[in-house]
Participant: 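I'd like to ask you about the structure that follows.
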Amino acid sequence: KAGVTQTPRYLIKTRGQQVTLSCSPISGHRSVSWYQQTPGQGLQFLFEYFSETQRNKGNFPGRFSGRQFSNSRSEMNVSTLELGDSALYLCASSLAWGGQPQHFGDGTRLSIL
Amino acid sequence: AQTVTQSQPEMSVQEAETVTLSCTYDTSESNYYLFWYKQPPSRQMILVIRQEAYKQQNATENRFSVNFQKAAKSFSLKISDSQLGDTAMYFCAFISEGGSQGNLIFGKGTKLSVKP
């Protein structure tokens, strides 16, 4: 069974640009959560999607958004990139809304120049 | 608000020895889950072990076991017969039961080095 797949693995952007990250959950998993990991703040929850609806949201500005498709694949978008958005973005999937455990992908490393 | 604290930023252990990583948490919830995740340099977050708060029995997974003290809000991880492949960041994580709190809260992590 394939694990959680995140693409791309690495991204380099400049300030002011926008970026879209993709996450394909484990087959049969319907919930997708996104986390940001930085050396200073550690791992922080961004949002969770289930049945194409955002069910829960962390304390991030509106520049961070996401969506989920009918096949449970999810994308997150960051607009007007700032230097502080440089981070490892991790996606995790689980069977159901709030379901445990969550299984993580390898992450997308985003660097802002 | 729930918090998770890992008081040991770094630890090291000799191969084949036993090491214990500490974690404390704060919550007013009665039903929740606790996890230990491992993140090697390859950066994938790997689930090591999970514990349901309503279960009194401590979880074990092969060489990994936990000491769950609900009243003390403590959740430590014991790694027996440490192997070089155990070298990684270890994160303790908490989540309330139910969809309304569907996000994991992580500690800052403990960097474990296993030395030959």
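Within every chain, numbering begins at 1; the chains are lettered A, B, ... in the order of the sequence lines, protein sequences first and strands thereafter.
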Participant: Given heavy-atom pairs under 4.5 angstrom as the criterion, report whether the side chain, backbone, both or neither of A:Gln37 touches chain B.
Facilitator: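 Side chain of A:Gln37 only, per the 4.5 Å heavy-atom cut-off to chain B.
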Participant: To the nearest 0.5 Å, what is the distance between NZ on B:Lys115 and OG on B:Ser113?
Facilitator: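 B:Lys115 atom NZ to B:Ser113 atom OG measures 5.0 Å (nearest 0.5 Å).
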Participant: Quick check against the 3.5 Å criterion: does B:Glu61 have a side-chain atom that pairs as donor or acceptor with the backbone of B:Ser65?
Facilitator: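 Judged by distance alone, no pair lies under 3.5 Å.
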Participant: Specify which of A:Leu46, A:Leu88, A:Leu43, A:Leu90 makes the most heavy-atom pairs with chain B at under 4.5 Å.
Facilitator: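 Ranked by contacts with chain B, first place is A:Leu43.
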Participant: Test your reading of the model: is there a side-chain donor-acceptor pair from A:Ser94 to the backbone of A:Ala96, 3.5 Å cut-off?
Facilitator: yes
Participant: Determine whether a donor-acceptor pair (N or O, by modelled atom type, separation under 3.5 Å) exists between the side chain of B:Gln44 and the backbone of A:Asp106.
Facilitator: no
Participant: Tell me which of these, B:Glu52, B:Arg43, B:Arg50, B:Lys108, has more heavy-atom pairs under 4.5 Å with chain A than the rest.
Facilitator: B:Arg43
